[in-house]
Amino acid sequence: MVEIKASPDPAANAIPKVKAPQYAYIGGKVVPLEEAKVSVLTHAFNYGTGIFEGIRGYYSAENHQLYIFRLRDHFERMEQNCKLLKIRLPHSIDDLCRLTVRLAEMNQLRENIYIRPLAYKSAQRIGVRMNEENDFTLFMVPFGDYLSTDRALRVCVSSWRRLQDNAIPARGKICGAYVNSALAVAEAQDNGFDEAILLNEDGHVAEGSAMNLILVKRGHLVVPPKSDNILDGITRDTLTQIARQELEVETEVRSIDRTELYSADELFLCGTGVQIAPVGFVDHRRIGQGTSGPITRQLMRIYDEILHGRLGKYSYWLTHVY
Ligand code: PMP
């Protein structure tokens, strides 16, 4: 079991009464958030050598409970990805889950939150070579919608290509890889779109800047294979499972051409941050009625029920904080 070491600041060891999150984990202990800092010399700060996760917690006022969604699955993915940078997580997956719950409890969060674990190369010296010095940090912030969910998005196909597996693996959730995402979303928004869809170097549809993409065609879902330079998303996995179990909608996994986006019946982006965001237009071409389609709406409704602990059948995906 991970031991939460006491901070030298006595105030930090008492459970705070205030609502704002105040504590983070870094260097093997819990510290006040404002003390969770890294040096400018840090390898990860200079070269992007970190692996992170994005996890959400949903507060149910009705049940006085904060539900963290698929916590263990996120840490399992993180552990896999850490191998890419030869980082060993400092604690077992069970202990990382317990640490997350404890930190949420200490922060007394009673609203929807976003949780960010980050394992990174912590050596403080110049030189890109990776060595054995690593650290792990965990923090959480209150978090609402990442993109508008009350209207369908206008997206474009980016002029930037998704990173190749043998350049910087997209499946890795590597900090530095998000420059690719930042370039794509910045370009899209500068051009008046909400989001970008990136193609891989083969010209096939990969994903959004920081989210997966699911297309609906003739009553079934179509998603790109994991080998098409995408992150193997936990939300996409969740949605394909509930589509089959709740709606009897099957998923076809195959490479998707750019022009199939234009002829989709429905299209949506999905991920922990974005949740489910219907797409109304791609490259100024209307998808379906330009609003969220019927399958998308049903998935949004069921997903929301699950996240807020209202669908008991899927309660094994939820970790309770209180
Ligand atoms: N692709 C990328 C590039 C992402 O950053 C994310 C967000 N983690 C996703 C897809 C969606 O993954 P998940 O559903 O596991 O959050």
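Worth knowing before you read on, the calculation uses all heavy atoms, side chains too, and leaves out hydrogens, waters and symmetry mates. Whatever order the structure lists ligands and atoms in, that order sets their numbers, starting from 1. For clarity, every value in this text was computed on a predicted model and none was experimentally measured.
- Near Asn212, with a cut-off below 4.0 Å to any heavy atom, the atoms of ligand 1 are 10 (C), 11 (C).
- Looking at Leu231 next to ligand 1, no N or O pair under 3.5 Å apart turns up.
- Checking only distances, Ser181 never comes within under 3.5 Å of ligand 1, N or O to N or O.
- Looking at Arg301 and Glu305, no side-chain N of the basic residue comes within less than 4.0 Å of a carboxylate O on the acidic one, giving no salt bridge.
- The closest approach between any non-hydrogen atom of Glu53 and ligand 1 is not below 4.0 Å.
- Ring geometry for Trp317 versus Phe69: interplanar angle over 60°, hence perpendicular rather than tilted (30 to 60°).
- For ligand 1, none of its N or O atoms has an N or O atom of Asp232 under 3.5 Å away.
- Within ligand 1, counting atoms from 1 as listed, the ones closer than 4.0 Å to a heavy atom of Glu207 are 1 (N), 2 (C), 3 (C), 10 (C).
- Interface of Tyr178 with ligand 1, defined as ligand atoms under 4.0 Å from a residue heavy atom, comprises 2 (C), 3 (C), 4 (C), 5 (O).
- For atom 14 (O) of ligand 1, the nearest protein heavy atom (residue, atom name, distance) is Thr235 OG1, 2.6 Å.
- By the 3.5 Å distance cut-off applied to N or O atoms, Arg77 is counted among the residues near ligand 1.
- Residue contacts with ligand 1 include Arg162, since one or more of its heavy atoms lies under 4.0 Å from the ligand.
- The number of heavy-atom neighbours closer than 6.0 Å to CH2 of Trp160, taken from other residues, nucleotides and ligands shown, is 12 or below.
- For Arg110 and Tyr322, the positive end sits near the middle of the six-membered ring, less than 6.0 Å away and at most 45° from its axis.
- Under a hydrophobic clustering in which Ile, Leu, Val, Met, Phe, Trp and Tyr are joined whenever their side-chain heavy atoms come within less than 4.5 Å, directly or via other members, Ile234 and Leu311 fall into different clusters.
- With a 4.0 Å heavy-atom cut-off, ligand 1 is reached by no atom of Arg56.
- Between Arg171 and Asp165 there is a salt bridge, with a side-chain nitrogen of the basic residue lying less than 4.0 Å from a carboxylate oxygen of the acidic one.
- Shown in contact with Thr272 at under 4.0 Å from a heavy atom are these atoms of ligand 1, numbered in order with element: 13 (P), 14 (O), 16 (O).
- Using a distance-only test at 3.5 Å, with no hydrogens or angles considered, a donor-acceptor pair links the side chain of Asp135 to the main chain of Gly27.
- Taking a cut-off of under 4.0 Å to the non-hydrogen atoms of Gly233, the atoms of ligand 1 that pass are 12 (O), 13 (P), 14 (O), 15 (O).
- Between Arg151 and Asp194, at least one side-chain N (NZ, or NE/NH1/NH2) sits under 4.0 Å from a carboxylate O, which counts as a salt bridge.
- At the top of the distance list for atom 6 (C) of ligand 1, counting protein heavy atoms only, stands Ala210 O, 3.2 Å.
- His91 and Phe136 have perpendicular rings, their planes meeting at more than 60° on a 0 to 90° scale where under 30° would count as parallel.
- Distances between N or O atoms of Lys173 and those of ligand 1 include at least one value under 3.5 Å.
- Just one of Tyr114, Tyr59, Tyr58 meets the ring pair (Phe, Tyr, Trp, His ring centres under 6.0 Å) condition when paired with Phe143; it is Tyr114.
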